[in-house]
Number of protein chains: 2
Amino acid sequence: MAMATLAQHQHSPDDTIHGHGLRMTGQRRAVYDVLMGERNHPTAVEVFTKVRGQVPNISLATVYNCLETLTDCGLVKIVTHERGPSRYCPNLEDHAHFFCDSCGEVSDLPLRARKRPQDVWEVPENITISHHQVAFRGECPKCAKKKNLKSEARNLKSK
Amino acid sequence: MAMATLAQHQHSPDDTIHGHGLRMTGQRRAVYDVLMGERNHPTAVEVFTKVRGQVPNISLATVYNCLETLTDCGLVKIVTHERGPSRYCPNLEDHAHFFCDSCGEVSDLPLRARKRPQDVWEVPENITISHHQVAFRGECPKCAKKKNLKSEARNLKSK
DNA sequence: AACTTAAATAGGAATTGTTCTTGATAAGGG
DNA sequence: CCCTTATCAAGAACAATTCCTATTTAAGTT
């Protein structure tokens with residue numbers, strides 16, 4: 001019984017794709033596995049080079065197609081940031097993204113419990129909201145630490 | 001005395017640009033005026049066609065250059081949304097954007113008083129945030145109303 | 001006013017990321 | 001096994017933006 005309940009909510013990616021009348025092909029699985037493996041928000045080209053290890057003669061266009069079907073089926077989210085290339089994210093929880101300006105790393109920031117974006121921005125009542133995309137930019141802890149070490153070194157030298 | 005206080009905080013765009021060691025040229029002024037006139041978040045191409053009315057042989061590259069200098073000087077904000085072309089916004093207040101999926105209209109949503117994005121998303125303490133960009137998608141009131149009228153018409157017909 | 005120097009511009013070429021097209025391949029259902 | 005449709009690889013096409021270069025313009029100096 002517990003299983004039946006689980007099965008309803010926890011579809012395998014195969015089931016989800018089949019539910020959309022499509023097939024789980026080798027290429028699609030490989031692309032999905034790369035995303036699930038590295039949760040680094042890779043670009044299409046990064047997925048492409050990674051996935052070539054598994055499917056040596058997959059084409060970039062196919063990677064784009066796979067990423068599109070996966071997003072259409074709701075298995076993957078597409079993340080855009082300023083003018084850069086799109087990135088892909090298999091985290092289906094509601095979350096924002098943080099982009100480090102110095103190292104380029106992207107990380108997920110979860111939504112706080114019982115909070116909604118509308119609590120912070122004035123959204124008129126008669127507007128229907130279907131999606132939101134939230135991006136923060138700044139400096140990640142690693143880069144901040146590096147910078148501090150450098151300036152310490154400078155101070156020692158100048159003595 | 002009041003004037004001196006004002007002058008400190010309320011620079012003219014010319015002063016701001018001069019403060020960056022640059023000049024307020026005819027092209028830059030025309031681009032800035034278009035943005036201040038239509039507050040529709042136009043794309044570079046839309047600015048280009050509009051600005052040609054004032055400066056008939058300005059080039060698209062120059063419009064891009066002007067938009068870049070204006071944003072570098074902090075007079076204009078650049079707004080990106082999914083894979084679409086960048087849009088430009090002279091509203092310097094902290095605000096989010098709403099994109100209507102059916103008519104494409106873009107509107108500003110002000111930040112609520114004494115609220116911060118960090119109130120809604122969990123941002124680790126040791127991350128430094130310099131910018132945030134927030135986009136909502138959905139249906140604007142006008143489009144919702146149109147849709148309702150249409151479905152009413154359908155209902156009448158089917159009787 | 002002429003001279004000097006650096007900034008700004010127009011026009012077009014080049015680049016980047018993505019989508020489209022086409023013919024070949026493969027897979028599931030009858 | 002055949003038929004139909006989905007999928008794929010490869011490369012062409014495309015859209016938005018940036019880069020390049022020769023020319024023009026403006027500001028500050030004599």
Side-chain angles (χ1 to χ4, degrees), chain A residues 13-32 34 41-73 75-88 99 104 106, chain B residues 13-32 34 41-73 75-76 78-88 104 106:
Chain A
D14 297 54
D15 291 345
T16 310
I17 284 191
H18 292 151
H20 285 251
L22 302 169
R23 308 179 200 141
M24 176 57 97
T25 64
Q27 288 87 337
R28 284 177 184 157
R29 173 170 304 289
V31 166
Y32 184 67
V34 165
H41 306 85
T43 64
V45 172
E46 284 164 358
V47 172
F48 174 60
T49 52
K50 205 55 119 193
V51 94
R52 284 226 139 184
Q54 311 300 315
V55 188
N57 52 356
I58 194 173
S59 80
L60 180 56
T62 299
V63 170
Y64 272 107
N65 283 336
C66 292
L67 290 168
E68 191 182 10
T69 36
L70 290 172
T71 48
D72 287 351
C73 294
L75 290 168
V76 162
K77 280 184 176 172
I78 184 165
V79 183
T80 56
H81 181 58
E82 315 213 327
R83 282 285 99 210
S86 298
R87 298 175 167 275
Y88 299 85
F99 299 83
V106 185
Chain B
D14 297 54
D15 291 346
T16 309
I17 285 191
H18 291 152
H20 285 251
L22 303 170
R23 308 178 200 142
M24 178 56 99
T25 65
Q27 288 88 336
R28 284 176 184 160
R29 172 170 305 289
V31 166
Y32 184 67
V34 164
H41 306 82
T43 64
V45 172
E46 284 164 358
V47 171
F48 175 60
T49 52
K50 204 58 121 193
V51 93
R52 283 225 141 182
Q54 311 299 316
V55 188
N57 53 358
I58 194 173
S59 79
L60 179 56
T62 299
V63 170
Y64 273 106
N65 282 336
C66 291
L67 290 168
E68 191 183 11
T69 32
L70 290 172
T71 48
D72 287 351
C73 294
L75 289 167
V76 162
I78 185 165
V79 183
T80 56
H81 181 57
E82 317 214 326
R83 281 285 98 212
S86 298
R87 299 175 168 275
Y88 298 85
V106 185

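Per chain, numbering begins at 1; letters A, B, ... match sequence-line order.
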Can you check the [X] [atom1] to [N] [atom2] distance for me, whole Å?
{"X": "B:L67", "N": "D:dA16", "atom1": "CG", "atom2": "C1'", "answer": "13 Å"}
{"X": "B:R87", "N": "D:dT17", "atom1": "CZ", "atom2": "P", "answer": "10 Å"}
{"X": "B:Y32", "N": "C:dA8", "atom1": "OH", "atom2": "P", "answer": "18 Å"}
{"X": "A:E82", "N": "D:dT18", "atom1": "CD", "atom2": "P", "answer": "11 Å"}
{"X": "A:R29", "N": "D:dC8", "atom1": "CZ", "atom2": "C1'", "answer": "18 Å"}
{"X": "B:I17", "N": "D:dA26", "atom1": "CD1", "atom2": "C1'", "answer": "15 Å"}
{"X": "A:H20", "N": "D:dT7", "atom1": "NE2", "atom2": "P", "answer": "13 Å"}
{"X": "A:N65", "N": "D:dT5", "atom1": "CG", "atom2": "P", "answer": "20 Å"}

Taking only N and O in the side chain of [X], is any of them less than 4.0 Å away from OP1 or OP2 of [N]?
{"X": "B:T62", "N": "C:dA8", "answer": "no"}
{"X": "B:Q27", "N": "C:dA10", "answer": "yes"}
{"X": "B:R28", "N": "C:dA8", "answer": "yes"}
{"X": "A:Y64", "N": "C:dT18", "answer": "yes"}
{"X": "B:R23", "N": "D:dA26", "answer": "no"}

Which nucleotide, D:dC8, D:dT17, C:dG11, lies nearest any side-chain atom of A:C66?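 Looking only at side-chain atoms, A:C66 lies closest to D:dC8.
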Any side-chain heavy atom of A:Q27 sitting closer than 4.5 Å to one from A:V31?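 No, their side chains stay 4.5 Å or more apart.
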By the 4.0 Å heavy-atom rule, please label [X] as base, sugar-phosphate, or nothing.
{"X": "A:N57", "result": "sugar-phosphate"}
{"X": "B:T43", "result": "nothing"}
{"X": "A:T25", "result": "sugar-phosphate"}

Working to the nearest 0.5 Å, report the span between CD1 of A:I17 and OH of A:Y32.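 If I round to the nearest 0.5 Å, the distance is 9.0 Å.
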If we count only N and O atoms by modelled type, under 3.5 Å, do the side chains of B:S86 and A:R83 hold a donor and an acceptor together?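 Result is yes, a qualifying pair exists.
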My understanding is that only one of B:R29, B:R28, B:R23 makes a side-chain hydrogen bond (donor to acceptor under 3.5 Å, both in side chains) with B:D14; could you say which?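 The single option meeting the side-chain hydrogen bond (donor to acceptor under 3.5 Å, both in side chains) with B:D14 is B:R29.
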Earlier contact from the 5' end, DNA chain D, for A:G21 and B:A44: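 The answer here is A:G21.
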Please evaluate residues B:V79 and B:Y88 with respect to the criterion side chain to side chain contact (heavy atoms under 4.5 Å, CB included), reporting the C-alpha separation (whole Å), side-chain torsions for both, the decisive distance (0.1 Å), and the verdict. CA-CA 6 Å; B:V79 183; B:Y88 298 85; over 6 Å; no
If you assign A:R83 and B:L60 each to the DNA chain C nucleotide with the nearest heavy atom, which residue ends up on the more 5' nucleotide?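 The residue mapped nearer the 5' terminus is B:L60.
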Nearest-nucleotide wise, let me know which of B:L22 and B:A61 is further upstream toward the 5' end of DNA chain C.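 Closest to the 5' end, via its nearest nucleotide, is B:L22.
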